[in-house]
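Below, each value reflects all heavy atoms present in this structure, side chains not excepted, and no hydrogens, waters or symmetry copies. First the proteins, then the strands, lettered A, B, ... as listed; each starts at 1.
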Number of protein chains: 2
Amino acid sequence: MSPAHTDVPSLVGAALPTPVPADEYDGCPVTGLLRLLSDKWSMLVLVLLGRQPYRFNELHRAIGGISQRMLTRTLRGLEAAGLVLREVHPTVPPSVEYRLTPLGQSLLGPLSALADWAVSNEAALVAGRHRAAAAASSGPS
Amino acid sequence: MSPAHTDVPSLVGAALPTPVPADEYDGCPVTGLLRLLSDKWSMLVLVLLGRQPYRFNELHRAIGGISQRMLTRTLRGLEAAGLVLREVHPTVPPSVEYRLTPLGQSLLGPLSALADWAVSNEAALVAGRHRAAAAASSGPS
DNA sequence: CCGAATCCTGCACGATACTG
DNA sequence: CAGTATCGTGCAGGATTCGG
């Protein structure tokens, strides 16, 4: 075991030389968060719930393009992580409200930073994409 | 079923699927960024390259657990997005250096915000995961 | 209205072997 | 050293149906 060949940034928590407890969670909190958020809808749901509480079909319509299955899955995942709270009102017909927990709300800041960057650098990203396309068609010919 | 056993050398080029993301850009810059970063390794590679330039196998060892295939794909994707620069030095043996473009470096800030949040709230996330596991084993029995 | 259950497809990803 | 070629697998994710 020779650590420190390339000292891993503290961002990944010096957790790369992991003891690997089980075959599930690899020990790095950043990786854990990424595995939670790296799906198609989680971040979008978080941002929407950050604005206001939503009921299930309200959210379904607000997103538009997500299947019921994936919305349920996404919400359950976020709920399991403690980011979203699910409130069932025993009315007829039943209604369920989803809102962010305080933990979920605290995630909105970092999320916004990423979103702001994406908006601010949209032009650069598009330009880079074009440069890459041009290089790909003229280069390896 | 295994149809043609006749060795067709290289007709089907589906070996390296999706050379670049190249997905249909849906118009939302945030979604575009998420589709770019929502894979298993992109963010980690960006963070590592944010500290220093790396050569291919250097990066391979530093990450530890990624396959050559995925490292290549990840780097190509980031390169196509204009976040990573690939420099080939025509030496013997050949060496290739990867570094962040200025655009890539500007992404480190927002990325760090997310990473810091993950570290700060690791305990809460782990607790949530345990609650979920307990509920899953006792609830739907 | 809320969601679970089922079926199905495609891609992300890994392991290995080979090349220049 | 830096990739490419190829095969196999698991799981994300969509469409639809059924139940409460």
Practice prompt. Answer yes or no: is there a side-chain heavy-atom contact under 4.5 Å between A:Arg76 and A:Arg86?
Written response: yes

Item to complete: Could you check if a side-chain atom of A:Leu75 sits within less than 4.5 angstrom of a side-chain atom of A:Glu79, using non-hydrogen atoms only?
Response: no

Item to complete: Let me know the distance between OH of A:Tyr98 and C1' of C:dC2, rounded to the nearest Å.
Response: 8 Å

Discussion item. Heavy atoms only, 4.0 Å cut-off, all strands: where does B:Arg55 land among base, sugar-phosphate and nothing?
Written reply: sugar-phosphate

Worksheet item: Contact class for A:Gly77 vs. all strands (heavy atom < 4.0 Å): base, sugar-phosphate, or nothing?
Response: nothing

Item to complete: Compare the minimum distances between each of C:dG3, C:dC13, D:dT4 and the side chain of B:Trp41, then state the nucleotide with the smallest one.
Response: C:dC13

Response to the item:
Looking only at D:dA2, C:dC7, C:dC13, the nucleotide nearest the B:Arg69 side chain is C:dC13

Discussion item. By nearest atom, which of the nucleotides D:dC1, C:dA17, C:dG3 is closest to the B:Gln68 side chain?
Written reply: C:dA17

Worksheet entry | Proximal nucleotide (of C:dC1, C:dG20, C:dA17) relative to the B:Pro94 side chain | C:dG20

Discussion item. Please report the end-to-end axis angle for the helix from C:dC1-D:dG20 to C:dG20-D:dC1, five pairs per end, rounded to 10 degrees.
Written reply: 40°

Discussion item. Please determine whether a side-chain nitrogen or oxygen atom of A:Arg73 lies at a distance below 4.0 Å from atom OP1 or OP2 of D:dA12.
Written reply: yes

Worksheet item: To the side chain of A:Met70, which of D:dG13, C:dC1, C:dG3 is closest?
Response: D:dG13

Discussion item. For the backbone of B:Ser67 and the side chain of B:His60, can you confirm whether one donor and one acceptor N or O come within less than 3.5 Å of each other?
Written reply: no

Practice prompt. For the side chain of B:Thr72, starting at C-beta, report the closest nucleotide among D:dG3, D:dT17, C:dA15.
Written response: D:dG3

Worksheet item: To the side chain of B:Lys40, which of D:dG20, D:dA2, C:dC13 is closest?
Response: C:dC13

Discussion item. Let's see if you can work this out: which of D:dT4, C:dA4, C:dC2 has an atom nearest to the side-chain heavy atoms of A:Arg76?
Written reply: C:dA4

